[in-house]
2 protein chains.
Amino acid sequence: MKLSDLKTVDQLIEERREKDAEFREIWDSTAFARQVAIIVVRYRTERGLSQRELARLTGLQQPAIARLENGETEPRLQTLAKLTAATGLSFHLDVARGGVELVPA
Amino acid sequence: MKLSDLKTVDQLIEERREKDAEFREIWDSTAFARQVAIIVVRYRTERGLSQRELARLTGLQQPAIARLENGETEPRLQTLAKLTAATGLSFHLDVARGGVELVPA
DNA sequence: GCGTCCGATAACGCGCGCGTTATCATCTAA
DNA sequence: TTAGATGATAACGCGCGCGTTATCGGACGC
């Protein structure tokens with residue numbers, strides 16, 4: 001098997017998303033959480049902060065930061081607000097057609 | 001006492017907001033909930049719907065609609081999403097500086 | 001090897017929004 | 001006046017995100 005035959009993670013996910021209705025529902029419903037995860041991870045790593053340090057800055061806890069960065073759960077608006085208070089981050093959300101999207105910039 | 005001496009509700013609220021720190025904190029933290037309330041009430045009344053009818057349309061319950069319209073609680077993103085799925089409504093949110101704001105249009 | 005810091009994760013409880021059911025006062029129509 | 005619909009609200013439980021504490025394996029420096 002050639003290395004070029006390997007599928008990317010995105011390809012594997014997309015394939016299962018098309019075949020498995022239940023998987024698609026769960027995957028799509030957590031899309032927003034994953035978008036937030038990327039923002040948080042980027043912010044933290046760019047500043048060389050540990051999860052514990054970011055937790056202390058925001059008033060959250062290290063396990064809460066970890067859960068956010070893993071995109072496991074859909075954060076509360078209150079939690080997002082706490083993140084923005086101490087970091088200068090901001091989130092622009094579009095809630096429409098039954099879904100929540102993170103708007104860039 | 002003349003009628004013109006009566007203070008508006010907004011005036012009374014603003015006065016207390018300036019004097020009472022605890023009241024100000026609670027009032028400001030529920031600003032977003034009140035903004036959502038106005039949107040929901042307007043949508044429902046413009047179409048002559050009852051709370052029970054809107055509840056059935058959105059998959060929520062009549063008490064949940066009532067709580068939203070009274071601005072009592074900060075709704076979950078999931079709840080806002082349910083509202084938009086069946087109504088065509090959309091919410092644009094700005095989360096920044098520790099607060100949540102509803103962006104017009 | 002040893003101590004230290006890291007992120008991940010389990011366990012348990014709490015806070016709180018919502019589901020569910022029921023009830024209430026009020027209003028309108030018949 | 002009576003019957004029906006409405007919005008408000010209470011009571012109770014559930015779902016779930018987060019607080020809290022503790023622990024784990026892994027990476028790094030000494």
Side-chain angles (χ1 to χ4, degrees), chain A residues 25-87 89 91 93 95 98 100 102, chain B residues 25-87 89 91 93 95 98 100 102:
Chain A
E25 187 173 347
I26 295 177
W27 183 254
D28 291 357
S29 68
T30 56
F32 170 67
R34 291 194 303 276
Q35 289 179 320
V36 171
I38 294 175
I39 301 288
V40 175
V41 170
R42 175 176 299 161
Y43 175 90
R44 185 174 64 82
T45 55
E46 281 180 350
R47 289 148 210 273
L49 296 173
S50 69
Q51 288 185 348
R52 286 175 176 82
E53 288 170 334
L54 181 58
R56 185 182 48 79
L57 285 175
T58 57
L60 294 170
Q61 301 286 128
Q62 181 264 329
I65 299 293
R67 285 187 288 245
L68 282 179
E69 293 190 352
N70 290 334
E72 296 179 359
T73 60
E74 176 148 300
R76 299 182 187 179
L77 285 169
Q78 185 184 11
T79 305
L80 293 180
K82 284 183 183 177
L83 264 178
T84 66
T87 61
L89 280 174
F91 299 95
L93 311 182
V95 187
V100 184
L102 193 59
Chain B
E25 187 173 347
I26 295 177
W27 183 253
D28 292 357
S29 68
T30 56
F32 170 68
R34 291 193 304 276
Q35 289 178 319
V36 171
I38 294 174
I39 301 286
V40 176
V41 170
R42 175 176 299 161
Y43 176 90
R44 186 174 63 81
T45 55
E46 282 180 350
R47 288 147 212 272
L49 296 172
S50 69
Q51 287 185 349
R52 285 175 176 80
E53 287 170 333
L54 181 58
R56 185 182 48 77
L57 285 176
T58 57
L60 295 171
Q61 301 287 127
Q62 181 263 330
I65 299 292
R67 285 187 288 244
L68 282 178
E69 293 189 353
N70 290 335
E72 296 179 358
T73 61
E74 175 149 297
R76 298 181 187 179
L77 285 170
Q78 185 184 14
T79 305
L80 294 180
K82 284 183 184 178
L83 264 178
T84 66
T87 61
L89 280 174
F91 299 96
L93 280 56
V95 187
V100 184
L102 194 59

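Because the structure is a prediction, the values reported are computed rather than measured. Every chain is numbered from 1, with letters handed out A, B, ... down the list of sequences.
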Just one of A:Leu77, A:Leu93, A:Thr84 clears the side chain to side chain contact (heavy atoms under 4.5 Å, CB included) bar with B:Val100, so which one? A:Leu77
Any B:Gln61 side-chain N or O less than 4.0 Å from OP1/OP2 of C:dC18: no
How close or far is atom P of C:dC18 from atom NZ of B:Lys82, stated in whole angstroms? 9 Å
Where at least one partner belongs to residues 26-52 of chain A, residue pairs that pass salt bridge (Lys or Arg N to Asp or Glu O under 4.0 Å), sequence neighbours excluded: A:Arg17-A:Asp28, A:Arg44-A:Glu69
Distance in angstrom units between A:Leu68 CG and D:dC16 P, rounded: 17 Å
Starting from P on D:dC18, measure out to CZ on A:Arg56 and report it in whole angstrom. 20 Å
A:Ala37 and A:Leu68: which non-hydrogen atoms are nearest, and at how many Å? CB-O, 3.2 Å
Taking all heavy atoms of B:Thr73 and all of B:Ala33, pick out the closest pair and write down the distance. O-CB, 3.2 Å
Just how far is it from atom CZ of A:Arg67 to atom CD of A:Gln51, taken to the nearest 0.5 Å? 11.0 Å
To the nearest Å, give me how far apart CD (B:Gln78) and P (C:dC16) are. 18 Å
Rounded to the nearest 0.5 Å, how far does CD of B:Glu74 lie from OG of B:Ser29? 8.0 Å
Heavy-atom contacts, protein to nucleotides 5-12 of chain C, under 4.0 Å, summarised as B (base), S (sugar-phosphate only) or - (none) per nt, yield -SBBB---
For atom CG of B:Leu60 and atom C1' of C:dG19, their distance in whole Å: 10 Å
Looking at side-chain heavy atoms only, is the closest gap between B:Leu60 and B:Thr79 below 4.5 Å? yes
Is there a side-chain polar atom (N or O) of B:Thr79 under 4.0 Å from OP1 or OP2 of C:dC18? yes
Residue pair A:Gln61 / A:Ala55: nearest heavy atoms and the distance that separates them: C-CB, 3.5 Å
Pull out every protein N or O sitting under 3.5 Å from an N or O of nucleotides 13-15 of chain D, one pair per line with the distance.
| residue | atom | partner | partner atom | Å |
| --- | --- | --- | --- | --- |
| D:dG15 | N2 | B:Arg76 | NH2 | 2.6 |

Separation between OG1 of B:Thr58 and CG of B:Leu80, rounded to the nearest 0.5 Å: 11.5 Å
A:Phe32 CZ - D:dG17 P separation (whole Å): 12 Å
